[in-house]
**Student:** 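Here it is: the structure, laid out below.
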Amino acid sequence: MITLAEKAYAKINLTLDVLAKREDGYHDLRSVMQTVSLCDDVEIDLDTGKPWKISCGAASIPCDERNLAWKAARAFFDRIGKEPDGIEIRIFKRIPSEAGLAGGSADAAAVLRVLNRWANDPFSVGELCALGAKVGSDVPFCVLGGTALAEGRGEKLSKLLDAPELHLVICKPPVAFATPELFRRLDSVEIKERPDTEAMLRALHSGDRKRIAGLLCNVFEQAVAGYREIDAIKKSLLANGALGAVMTGSGSAVYGIFRSADCAKAACDALITEYPQTFAAKTV
Ligand code: C5P
């Protein structure tokens, strides 16, 4: 039996714009995405000699073929046309689910990366991203990692220069939103404020942290305007020194960018009593 191990890093959206609804039911997006240090650990045993098994220690996450990590392994072995004699996937979760942090997609991407390495890299990163797109819209970015502009359904990725190191506090309130429902809500409202993606790309290029923080924008915030918790966390992050704060993806996690690791730690300590799922992190 062989055991493989890989880190599965969460993502945040520095900007997120939702454009037109497409004929296939998905929406075209434009989003600057960024990998962060908050991560799950993924371990895979190959050749267990037993039926496929997956565990993740979180009651709310399905531990069967519905799990994105399982789907990723299935897609990988179907594509290479052979498979080991049984596999077991163990996921040690830290990334909160229903948070907009792509926790499930990060696990799926880690599975694809580690299996590709184990098989001596039969697929290029681009091919692995294409395989990931069949599993979920955020998986291709999680395969690529770093800083990237995502377009189309989220699968058209342009790699960007790595963002400067940004110190973050990520806070996940108990409220959870269903992603398809938020897309539907956006379809029925007029989006009043959209991110200035081009300005964000320039700010990233020049490494201007303050400017990056000032340009954070996510149109999904307009679909959850009725939820006071999101606004309350943003205000709390700003009151505790954040240079900027925004919800990530379809929420419900909100993050802030801080001047230094010490500032982020102090803000994390201030929020964690009210919101136990609060994490200090940084861009990776
Ligand atoms: O691809 P994924 O399974 O992560 O998407 C979940 C749901 O989010 C889709 O079924 C769709 O309703 C919505 N979605 C969308 N446009 C995207 C990504 C997701 O409408 N670009």
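Just so we're clear, the structure is a prediction, and the values are computed from it rather than from any experiment. Every number for a ligand or one of its atoms is a count from 1 in the order of the listing.
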**Student:** I'd like to check the side-chain contact (heavy atoms from CB on, under 4.5 Å) partners of Ser206; sequence neighbours left out, ordered by chain and number.
**Tutor:**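 With neighbours one apart ignored, the set is Asp208.
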**Student:** With Lys21, which residues qualify under salt bridge (Lys or Arg N to Asp or Glu O under 4.0 Å), at least two apart?
**Tutor:** none
**Student:** Just by distance, do the side chain of Ser252 and the backbone of Val175 share a donor-acceptor pair under 3.5 Å?
**Tutor:**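 At least one qualifying donor-acceptor pair exists.
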**Student:** In chain order, what residues pass the side-chain contact (heavy atoms from CB on, under 4.5 Å) check against Ala119, with sequence neighbours excluded?
**Tutor:**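 Partners of Ala119 under the side-chain contact (heavy atoms from CB on, under 4.5 Å) test: Phe76, Pro122.
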**Student:** Does Thr15 reach the main-chain N or O of Thr197 with its side chain, forming a donor-acceptor pair under 3.5 Å?
**Tutor:** no
**Student:** Whether the Thr147 and Gln34 side chains hold a donor-acceptor pair (N or O, under 3.5 Å, no angle test) is what I'd like checked.
**Tutor:**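 Side-chain D/A pair, Thr147 to Gln34: present.
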**Student:** Identify the protein atoms, limited to N or O, that lie within less than 3.5 Å of an N or O atom of ligand 1, and list each pair with its distance to 0.1 Å.
**Tutor:**
residue  : atom   : partner : partner atom : Å
ligand 1 : 1 (O)  : Ser137  : N            : 3.0
ligand 1 : 1 (O)  : Ser137  : OG           : 2.5
ligand 1 : 16 (N) : His27   : N            : 2.9
ligand 1 : 20 (O) : His27   : N            : 3.4
ligand 1 : 20 (O) : His27   : ND1          : 2.7
ligand 1 : 21 (N) : His27   : O            : 2.8
ligand 1 : 21 (N) : Arg153  : O            : 3.0

